[in-house]
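We name chains A, B, ... by the order of the sequence lines, and we start the count at 1 in each one. Given the structure is predicted, the values throughout are model-derived calculations rather than measurements.
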Protein chains: 2
Amino acid sequence: MSALRRTSRPVYQQIADELRDAISGDDIGPDGRLPTEAELVERYGVTRGTVRQALAVLVNEGLVVSDRPRGYFVRRRRHMTYRPQQELLVTDGAPAMDRFHRSVAEEGRTPSQTIDVSIVVPPREIATRLRLNAGETAAVRRRVRSIDGEPFNINNSYYPLSIVQGSEIVLPHDIARGANRVLAELGHRQVGLRHHLISRMPTPSERHRLQLSPGTPVTVHYLTGYTAEGIPVRAVENVLPGDRHEVLIEDGQVPPDNESST
Amino acid sequence: MSALRRTSRPVYQQIADELRDAISGDDIGPDGRLPTEAELVERYGVTRGTVRQALAVLVNEGLVVSDRPRGYFVRRRRHMTYRPQQELLVTDGAPAMDRFHRSVAEEGRTPSQTIDVSIVVPPREIATRLRLNAGETAAVRRRVRSIDGEPFNINNSYYPLSIVQGSEIVLPHDIARGANRVLAELGHRQVGLRHHLISRMPTPSERHRLQLSPGTPVTVHYLTGYTAEGIPVRAVENVLPGDRHEVLIEDGQVPPDNESST
DNA sequence: TAGTGGTCTAGACCACGTA
DNA sequence: ACGTGGTCTAGACCACTAA
């Protein structure tokens with residue numbers, strides 16, 4: 001049908017542009033299905049390879065997923081609000097898992113998590129934040145939190161071995177009163193936090209563990225907890241899929257939040 | 001040379017895996033050059049199409065860029081630290097551009113920015129935050145900040161027209177004492193901020209304006225400023241390329257930051 | 001000018017889930 | 001069983017830039 005100019009922009013980009021417009025307009029809504037590759041081949045009079053190149057553009061932009069063999073579909077974003085300030089100084093109050101549980105349950109969905117604990121030489125990003133020497137080990141509690149059985153984020157919490165050795169932090173169970181509380185009981189109460197946020201594409205391992213579609217970036221949230229003496233006693237690496245999370249931080253005097261938490 | 005199994009994983013993924021390992025190991029360092037497509041064709045005994053498929057994987061992971069006709073190169077990340085808390089309540093102190101200028105100049109690089117001001121119906125994300133009715137207009141100051149002539153981030157600040165009409169905020173010049181100060185003089189001093197951070201792939205327009213390589217996500221930072229009465233008087237949309245920024249937030253009592261700002 | 005990656009064609013076989 | 005997208009081959013011509 002609609003012949004495309006051969007002169008200017010590559011054909012596959014023109015096709016991608018038209019499909020993108022059809023999506024951002026409302027010709028194809030969220031969860032809507034795109035034409036099949038065969039249909040596009042016929043419509044534009046090009047090879048399947050060219051059509052696939054066009055679709056790959058949209059897939060890598062995170063606009064579209066291929067759900068074989070059903071076809072290509074427009075992606076929908078569903079954001080859960082993540083409030084890193086709630087990780088603040090909670091030696092009292094509800095621990096992290098309870099908060100996650102509660103906010104998810106409020107929406108009628110089912111939260112779950114896996115925990116695995118081990119002693120490792122942490123990655124550079126963590127070792128630096130805990131001020132460990134090269135080769136020095138730390139205890140790590142690795143969690144994958146899921147909603148309705150689908151993985152939602154990764155949460156790896158590292159603690160200097162010298163501090164948590166023999167405590168229940170190195171046991172692979174949920175800590176009902178919260179790890180921060182345990183640290184405080186061990187004499188290492190946190191009074192300050194530093195948050196680092198970066199955005200990047202996921203590693204193959206993250207893509208697999210979080211079941212990420214192509215074109216989905218992650219926000220990596222590094223959190224370091226300090227005692228009153230300025231000693232880091234906790235370093236967290238939080239991997240948040242971009243299509244499922246937004247980060248909310250409030251500063252100063254703000255009105256109540258009316259928006260939904262999803 | 002090294003024949004690849006035909007049984008299990010697709011060949012192009014196996015090639016991508018080997019190249020990725022070569023990169024994360026130190027066989028190919030940052031800025032290092034990958035083998036040419038022709039070399040990979042010969043090494044693996046596959047078609048150029050398959051080799052290109054493998055390379056596309058790495059490009060979309062943000063690990064590699066193609067710099068035609070020089071070849072494929074390993075990408076290097078250079079992070080500038082962005083501190084949204086410095087946007088906090090600055091009715092006194094140095095305004096935003098000064099801070100950007102100073103921190104860039106400290107590294108011996110040259111900052112610059114373009115400003116353009118217009119009256120628009122803001123996008124939904126902004127209209128919601130400013131509590132505008134459908135179709136209601138706002139003044140927007142659009143900035144592109146650059147370092148050494150290369151675009152670095154996009155900063156679009158929206159103000160309700162009823163508030164800033166006739167003030168210097170609607171003039172396309174830098175405001176030496178800061179827009180926050182002007183708002184305060186107009187009787188709308190901000191006492192609280194709400195930060196929203198999301199991570200996604202850039203739009204084609206953003207990719208073009210920021211000259212982003214494929215595989216580079218952006219962090220979008222929405223900032224809303226509230227008066228003591230809880231009225232939003234400023235909504236900012238900040239687009240931060242993931243390969244150039246990290247966000248730093250401090251909470252409570254933390255030791256001095258020893259890390260470099262880049 | 002030589003060599004690089006970018007675009008496009010024409011075809012083949014396969015894995016998979018839904019109907 | 002059928003139609004979907006996933007993988008792979010074998011070729012062609014082109015645009016760009018560093019040597």
| message | I want to verify a distance call: between C:dT4, D:dC8, D:dG5, whose nearest atom is closest to the A:Y72 side chain? | response |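 Looking only at side-chain atoms, A:Y72 lies closest to D:dG5.
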Let me know the distance between [atom1] of [X] and [atom2] of [N], rounded to the nearest Å.
{"X": "A:E37", "N": "C:dC8", "atom1": "CD", "atom2": "C1'", "answer": "16 Å"}
{"X": "A:Q53", "N": "C:dC8", "atom1": "CD", "atom2": "C1'", "answer": "8 Å"}
{"X": "A:L40", "N": "C:dC8", "atom1": "CG", "atom2": "C1'", "answer": "16 Å"}
{"X": "A:L55", "N": "D:dT4", "atom1": "CG", "atom2": "P", "answer": "13 Å"}
{"X": "B:R9", "N": "D:dC8", "atom1": "CZ", "atom2": "C1'", "answer": "16 Å"}
{"X": "B:R33", "N": "C:dT4", "atom1": "CZ", "atom2": "P", "answer": "7 Å"}
{"X": "A:R52", "N": "C:dG6", "atom1": "CZ", "atom2": "P", "answer": "18 Å"}
{"X": "B:I15", "N": "D:dT9", "atom1": "CD1", "atom2": "C1'", "answer": "13 Å"}

| field | Residues touching DNA chain D, which here means a heavy atom under 4.0 Å, drawn from residues 205-214 of chain B | value | none
| Ion pair check, A:R200 and B:E61, cut-off under 4.0 Å |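 Looking at A:R200 and B:E61, the cut-off is not met.
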Look at the side-chain N and O atoms of [X] and state whether any lies under 4.0 Å from the OP1 or OP2 oxygen of [N].
{"X": "B:Q13", "N": "D:dT7", "answer": "yes"}
{"X": "B:S66", "N": "C:dT4", "answer": "no"}
{"X": "A:Y44", "N": "C:dC8", "answer": "no"}
{"X": "B:Y12", "N": "D:dT7", "answer": "yes"}

| query | Using a cut-off of 4.0 Å on non-hydrogen atoms, how would the nucleic acid contact of B:T36 be classed: base, sugar-phosphate, or nothing? | reply | sugar-phosphate
| query | A:E39 near the nucleic acid: base, sugar-phosphate alone, or nothing, with a heavy-atom cut-off under 4.0 Å? | reply | nothing
| Of all residues at least two apart in sequence or in a different chain, which pass the salt bridge (charged side-chain N to carboxylate O under 4.0 Å, His left out) check with A:D26? | none
Could I get the full list of side chain to side chain donor-acceptor pair (under 3.5 Å) partners for [X], not counting sequence neighbours?
{"X": "B:S157", "value": "B:N155"}
{"X": "A:Q13", "value": "A:R9"}
{"X": "B:E37", "value": "B:R48, B:R52, B:Y72"}

| task | Please state whether the rings of A:F152 and A:H245 are parallel, tilted or perpendicular, taking 30° and 60° as the class boundaries. | result | tilted
| task | Would you confirm whether the ring centroid of A:H221 sits within less than 6.0 angstrom of the ring centroid of A:H195? | result | yes
| Closest non-hydrogen atom pair between A:V218 and A:P202, with its separation | CG1-CB, 4.0 Å
| How close do A:V144 and A:P151 get, heavy atom to heavy atom, and via which atoms? | CG1-CB, 4.1 Å
Return the polar atom pairs (N/O with N/O) between nucleotides 12-14 of chain D and the protein under 3.5 Å, or none.
from	atom 1	to	atom 2	distance (Å)
D:dA12	N6	B:R48	NH1	3.3

| said: What I want to check is whether the side chains of B:H196 and B:R194 have a donor and an acceptor closer together than 3.5 Å. | reply: no
| note | Heavy-atom nearest nucleotide on DNA chain C taken for A:R70 and for A:T50; more 5' hit belongs to A:T50
